[in-house]
Each structure stands twice: as structure tokens, then as C-alpha cells.
Amino acid sequence: MQYGYFDDANREYVITNPQTPWPWINYLGTEDFFSLISNTAGGYSFYKDAKFRRITRYRYNNVPMDSGGKYFYINEDGTVWSPGWKPCKTPLDSYECRHGMNYTKIKGSKNGLEAEVLYFVPLKTKAEVQLLTLRNTSSTVKTFKVFSFVEWCLWNAAADMENFQRNFSTGEVEVQGSVVYHKTEYKERRDHYAYYSVNAPIAGFETDRETFFGLYNGFDEPQTVLEGQTRNSVAHGWSPVASHCLELELQAGESKSFVFVLGYVENPQDQKWESKNIINKKPALEVIDKFDTIEKVIDSFNELKAYWDKLLSVYTVDSGNEKLDRMVNIWNQYQCMITFCFSRSASFFESGIGRGMGFRDSNQDLIGFVHQIPERARERIIDIASTQFQDGGCYHQYQPLTKKGNNEIGQGFNDDPLWLIIGTTSYIKESGDFSILEEPVPFDNEPGTEKSLFHHLTVSFDHVIHHLGPHGLPLIGRADWNDCLNLNCFSNDPNESFQTTENKTAGSKAESLMIAGQFVLYGREYAELCLRLGKKEEAERALKEVSKMTEAVIKHGWDGEWFLRAYDFDGNKIGSNENEEGKIFIESNGWCAMAGIGLEAGMVGKAMDAVNEKLDSEHGIVLNNPAFTKYYIEYGEISSYPPGYKENAGIFCHNNPWIMIGETIQGRGDRAWEYYRKISPAYTEAHSELHKVEPYVYAQMIAGKDAFRPGEAKNSWLTGTAAWNYYAITQYILGIKPDYDGLIVNPCIPADWKGFTVNRKFRGANYEIRISNPDGRMSGVRKLTLDGILLEGNHIPCQPNGDHLVLVEL
Ligand code: GLC
Ligand code: GLC
């Protein structure tokens, strides 16, 4: 069953039934002012950091679901309704929500009155703009009232939900003209406030929540709206809100539009006040002025659209398969931008309070984003590297507002450092900018400790060598990529966090085959970079370590049919046929395959076959098998999840592309594509009622074959799945890969594909790359011409600006 459809021409997903099986959301803003918005206008806004600078309130996991948002209420002769259906839930005559690239349009109608709201955050603006249009589609005059609504958050989203003894006394607002200003704590240590305006005279307002709703009412029955009468309340403590009231009359066929601006202002310390206790409103009024007419709003909306035209023009495919094209050309790239902006901090599954930017997460996000805006990737790499320690270890997360490492979550995840290598080399391959390697970057943000970024890569590489276990394999530390395989944790206290609790380290033999594969692959990547820089000795040193690791894997990491997952604290095998549960895991097999370990000896082929036989399922590849059915204290959180969920044999979509790539390494395009297709959102659309979350973006997890409801997805939007699937499909299946001095063309596709065309903008030039597959092959470039000239091999050297035609035959 579907709840809408893709409108590819407009790059929108159109939801036609508001009662989606879960709120289907979108993101507004890509710079520093952000909003999350659901298909019924639920959601919230924040500035830079969802924890420290929350602008409006939201209550996660509420009853009813998705309560709180940017609501409009209409009262026409006592019929009260909202264009997004919620919160009133008054049955509508029509409803439509269009989620587009950083904007959402919600339209509803009732009794011949239509209300449409366009929500977006204009480029370079610290505000969300809402363009509300009301149309009288009936043949008689209509008189009615419209009420806007937002609820202010008292800035720190965690304290806002905890510290009620203080919160209920601090709230402060000012109202001037049609603008409500939220200035809680501005008097003391904050120099920022928020505001909500409308570009028309208002009939009244409310700023006190209790007055607006009535103490015992829900979002669906605000007293002010039901009575059609404002009391012009001014909040003193309790819960400040902002609501404007417009009194309107529309002739038959007439329409009127209004611009609402929800903004954020930071004032310099010496310009905070206009007069005693009266805030300096100048900067807010300047923004309000910029959007005071519909024309201005439409212009800035068109700028946003043009911005996305440009971003999405860097890599486009024309394959003749509309589902594939829409994922590659639109939604997967869009999701990559969103994961770049938010890492894992704020979605409808991530509260925005628990997590900042992850070290490993953000590096991985870069591989799907770097082609869009390389300059922003550059800045991100420096930010991430600045949270590293001298020995190559690093904070697991940092807060976007302060850019400082998060002490509560700490360090010691031994895969973390290696991700910096792929983040950095991806950036250089896209941009050609080697100068980033000379950039001075501090350790732990400590001024005076700066060393070149290249040095940071060296210590990242060495961190693994300095933490080897008894088999010469990498020690796992707190965990590797799988945060739930906690081999040194031994927790039997439910009040402890598996990730942060004190670990037993002395005497640990816990080694990771996933990090081993990662080290071989990214160690070679590092060595190649060294060669490009003329650092021959360093390259040789690195390659020596890489081959030692390769040998260690072959000797101690092979179980006969597949790669082991790990050794536990006591040196027992994990992910072995000898185990009773968790005999085989996806991560180590994916990584050792991508690294090509034992490729010639047939190990990669065998391992991929074992994955196919034991881990593949109708909805995707599960993480491990058999699922754990009891708690293993020596494995930690992985065995805490019920079978089939999350890291315990869920389909963790993030790691499926590792297998896709592993298959392409051996030229098996049919299997790689089959795995791609299974978890691709466009393909899950048809069973949306089961899949539950948005059909336009990847979810972190789809319940696995051992779960109660296989195929049901959770944790949509913020997942490394976005970057990895984009990377796998564009660089390994379609096979157009940026390299230091050109593009490599190496498709690996199902034999029955006749061909496809990729348009790739790369360092100023445009390449139209037409692949044809006359003999029904899966891989191998037989012939490649560039602008009519036959080239050896499959490497296109960088060309001068302008258009170039590349013809490729498999
Ligand atoms: C979550 C974390 C990520 C981790 C993955 C697997 O997505 O953000 O860092 O690698 O889970 O446990
Ligand atoms: C839980 C989740 C995992 C996540 C980790 C850290 O263990 O299962 O996906 O990476 O928490 O937040």
C-alpha cells in the first residue's frame, strides 16, 4: 500500500493521505538554521545545535504521535481545522503534502476554503519562512480567522525537559506590532533571542500557552481558536508560545497570502538592548523586511531551487530505470546532504539531545557528500581532525555548537581514527586540493598543538599498529563500527551504558577482523597518498604493515568458509562455525572482501557466497546469523536486542553496501544490484504499510528475518546508509569513480542491462559518459574513447573545462 507518489519532475514526494504509518518528515535548512517538519506540520527548529540552541519545543514519542509543530488553525463559523490535518484532525475535503529539496508544502481544504503553507529556510538566513496562502474556492464570501502557533523551547533542549523548578519561572517575551519575541535568559548569559512575525496587522495574539490552549486541552482544541477570541496574553514564566490571529474576508475566488518568519538573532554584547529591558530588535526587523512581500519570498524560494539544481547536477544518471534514477539523481543525494548536516543528532528517532557529531559517522557521511560542496567537506574534515588526540585516538563525538569533543561519550573506539583517511582522500580525489594536507590542525582543540592534517593521518594509521592483539590483529577497544559488540564491557548493571561504562582493558585479547579489513583497505589508501606526495619511505612502511595485517587475517581470521568477526576478551572466536549463535557476521566479511584479502585464493568469493546463503533475506542482508537469543555478557549490547532487531540480526542497511562493493570486486554485478534493489527506498514504496518509514530515504534498520515483523524499518534519515549506498551505486555499480588525476570508469552491472549514461561534473569539466553493454557482460571495460580518441585502460585524465564525450563498451 502507498500513501503518496514520487513527482520526479519537481523532485518531490507527494503524500496524499495524512495518516502515514509513521510521521514522514523533511528537513529545512542546510547551513545553521534548521527545522524538522512532518507531513502534518509537526517538528521543531534549532540553530546549529539541536541540544544547546533549540528554538521551538517538540515532545518525542508522544501520545498522540508527533505532537507539537508549526501549526495553523482556521476557524470558519465554528468549524476549526488545520491544513495539515493534525493537530485538529477535522476531516478535510482534500489534503496534500509535498516534501521537496529543503522545503515542504502542505495544503488542505475544507468547505470551499483552501489553505496552503510553504515552509522553507532561505539560503543564508537564520530563519524559517512560512508562506500561507488562503483561497476561497466557493461562490460566496467567506469570513474566518486564522491562528498561527509555535511553542518556544527555553534553549537547552535537555534542561527544557528536566529542570521544571527553574523553567516555570524564567520565560519572557516581548510583543511589538505583529512580532512576538522570545527572550528567555537574554537578560543574563544569552545574547540571542528568537521571534515569530507576520507581514500584516494582527487582530490579536497569545504568548502564554495556558491562555492559548486552556490548561487541560491538547493541541487539537486551543481555547483561543475555539472561542475565536484572543486575550493578548503576555507570558511571565510557565511556557511561552507565539500565536498571531488574523481576521480575514475573502470574496468568491479570491486568495490572499501572508508571510510568517520564525527567526533567530545573536546580538553583540554591547548592542543587546534598545533601552532598559527592551531588546535590540533591529537585526530581526531587517530579516523580516527581506521577506515582507510575496515576491521577495518567491524569489528566495527560487534561489533555493536553483541551489539544488546545481548541487544535483554534479552526478546524474539516465538508466531507463526510473526508480534507480530517482534515487541516484534526487533522494539519495539529498539524504547525503542531510546526514552531512546533522550526522546522527536530530531526526524523529534521534532526540537531538543524546548525540553530537560522530567521528566515524561524519567521516563516512563525507564519502556521499563531498562532490556536492567540497569546500564544506574541507571545513568538516578540519573540525573532525581537531578532536583527535596526539596518539591518533579521538573523541567519539563532538558538539556542533562548540566543536569540542564530548567528554561524556569519551573515546576508545578503535575503528574511529581510520575513517579520517577515507574522509580526507575522498575530498582530495574530488577536488584535487592537496593543500588540505598542510593545514595546521590542533589536537583536542588545544591551541598550540597544531600539526599538519597529513600528520593526523599518519597517527590515525599508527594508532592501529600501536594497538594490536595476540594474533597481530587490531584490538577492538570499546567497539569497532558495531557499537554494540562490546567485548571489553562485561556489564551486568542495567543502569550502565554499554558505550560509555568503564571497560576492562588489562589483559584483553579482543581483536576485530572488521578493523583488520579496514586497515588493509585504508592503509593502502594512505600508502598511495604518500606516494603521490613523494613520501616513498612512508609508503613502503605503510605497505609493509598492510601486508603483515593481510597475512594475519589469512592466518588467524579465516574460518574455512568465511571471515571470523572477532576474538573476544579471552581470545575465543566470534563469528565462527564453532559458535552456537552468531556464527557469521556481515562486517568482517564486507571489509575483508572490499580489501580483497585472499581474493586470488578464492576467499572473497567464498565469503560472499556464505553471506548470500546465510545472511541474505527478502528485505536485505542481516547483520549476523543465527541471531542471539540470550544475553552474552562477553558480547555486550548486541545480545541485548531481541532477535532480528538493530545490531542483533537486523538488516542494518549501512553495511549492506559493503557486500555490494565486495561483490563488484569480483565482477558479480547481478548480485550487487540485487542487494542494492532490496533496500532501496524507491523499491520499498510499494509496501509502505509494512516498511512504515519514509519511502524516499534510507532507514538505519529494517527488521530482519528473525524479527516479529520482518521488513518493518526504523531510524530513518540519519544513517551512514545514505553515504554508503550512494558510494556503492555511483562508484562501484555504475562505476564512475573520482581519482587523484581523473575519473576511473569501471561499471559492474547485471548482465541484462543494455547500458546507461552518466553525466559527471568534475573539476570544472562536464563528462557525458555513455556505457554500452552489447554482449551482456557484468564488468570489464573493453573499449573507451574520449572525444573520439581511443584511450588505453579505463582512466579518463582530467580535461580542460567544457563538455567531453566518453564512450565506453563493456
Ligand atoms: C549507529 C552509530 C554508528 C554505528 C552504528 C552501528 O548508526 O551512529 O556510529 O557504527 O550504529 O552500531
Ligand atoms: C545503540 C544502538 C547503536 C548506536 C549506539 C550508540 O547501541 O544500537 O546503533 O550506534 O547505541 O548510540
Side-chain angles (χ1 to χ4, degrees), residues 51 335 338-340 342-347 349-368 384 387 394-398 406 408-420 422-423 476-487 489 491 494 496-501 512 514-515 518 565-566 585-588 590-591 621-624 627-628 631 635-658 697-704 707 713-725:
K51 177 174 179 178
Q335 191 179 2
I338 302 302
T339 55
F340 169 80
F342 299 95
S343 187
R344 310 294 169 266
S345 65
S347 72
F349 296 88
E350 302 283 4
S351 65
I353 297 172
R355 295 214 234 174
M357 311 290 281
F359 192 98
R360 76 156 83 89
D361 297 333
S362 294
N363 273 305
Q364 291 172 82
D365 293 343
L366 287 171
I367 67 175
I384 299 172
T387 66
C394 52
Y395 281 108
H396 198 47
Q397 288 171 25
Y398 71 93
N406 190 333
E408 284 163 38
I409 295 155
Q411 43 171 310
F413 297 79
N414 283 352
D415 63 316
D416 269 339
L418 286 175
W419 297 110
L420 187 63
I422 187 66
I476 201 165
R478 281 191 177 280
D480 59 24
W481 171 87
N482 188 337
D483 274 347
C484 297
L485 193 60
N486 316 115
L487 303 182
C489 185
S491 178
E496 284 174 355
S497 146
F498 286 103
Q499 274 80 43
T500 59
T501 197
S512 161
M514 182 253 155
I515 305 182
Q518 191 194 13
R565 175 62 177 90
F585 283 70
I586 197 169
E587 302 99 322
S588 47
W591 279 93
I621 313 168
V622 301
L623 192 143
N624 57 293
F628 297 107
Y631 179 54
Y635 292 179
E637 187 171 8
I638 189 167
S639 59
S640 74
Y641 284 112
Y645 292 98
K646 293 280 282 181
E647 282 89 340
N648 185 14
I651 297 158
F652 217 88
C653 299
H654 185 144
N655 53 37
N656 279 223
W658 301 343
V697 290
Y698 284 99
Q700 178 205 64
M701 193 233 11
I702 302 174
K714 292 192 183 108
N715 303 10
S716 56
W717 280 100
L718 301 185
T719 161
T721 311
W724 273 102
N725 274 283

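Start at 1 and go down the list; that is how both ligands and their atoms are numbered. Note that the structure is a prediction, hence the values are computed from the model and not measured.
- Those atoms of ligand 1 that come under 4.0 Å of a heavy atom in R344, given as number and element, are 8 (O).
- Taking the side chain as every heavy atom from C-beta outward, Y635 and S640 never approach each other to under 4.5 Å.
- Checked for salt-bridge contact, R565 and D480 meet the test: a charged N lies under 4.0 Å from a carboxylate O.
- When the heavy atoms of M701, E647, E350 are ranked by distance to atom 3 (C) of ligand 2, first place goes to E647.
- No hydrogens or angles considered: a donor-acceptor pair under 3.5 Å links the side chains of N482 and E587.
- Using a 4.5 Å heavy-atom cutoff, the side chains of R344 and M357 are not in contact.
- Annotation for ligand 2: atoms under 4.0 Å from non-hydrogen atoms of D483 are 4 (C), 5 (C), 6 (C), 10 (O).
- For atom 8 (O) of ligand 2, the nearest non-hydrogen atom of the protein is Y641 OH, 2.6 Å.
- Taking the side chain as every heavy atom from C-beta outward, E350 and F342 never approach each other to under 4.5 Å.
- The shortest contact between atom 4 (C) of ligand 1 and any protein heavy atom is with W481 O, 3.2 Å.
- Nearest to atom 11 (O) of ligand 2 among the protein's heavy atoms is Q499 OE1, 3.8 Å.
- Close approach to Q700 involves these atoms of ligand 2, each under 4.0 Å from a residue heavy atom: 9 (O).
- For the ligand labelled ligand 1, residue T719 lies outside the 4.0 Å heavy-atom shell.
- Taking a cutoff of 4.0 Å between a charged side-chain nitrogen and a carboxylate oxygen, R360 and D365 do not qualify as a salt bridge.
- In this structure the side chain of F498 reaches within 4.5 angstrom of the side chain of S491, judged on heavy atoms.
- Here's the thing with H396: none of its N/O atoms is less than 3.5 angstrom from an N/O atom of ligand 1.
- You'll find the side chain of Q700 stays beyond 4.5 Å of the side chain of W717, heavy atoms only.
- Looking only at heavy atoms of the protein, atom 1 (C) of ligand 2 is closest to E637 OE2, 3.5 Å.
- Distances below 4.0 Å separate heavy atoms of N482 from the following atoms of ligand 1: 12 (O).
- Within the structure, ligand 1 has R355 among the residues with a heavy atom less than 4.0 angstrom away.
- Between W481 and N655 there is a side-chain heavy-atom pair separated by less than 4.5 Å.
- By the 3.5 Å distance cut-off applied to N or O atoms, H654 is not counted among the residues near ligand 1.
- Listed by number with element, the atoms of ligand 1 under 4.0 angstrom from any heavy atom of F652 are 5 (C), 6 (C), 11 (O).
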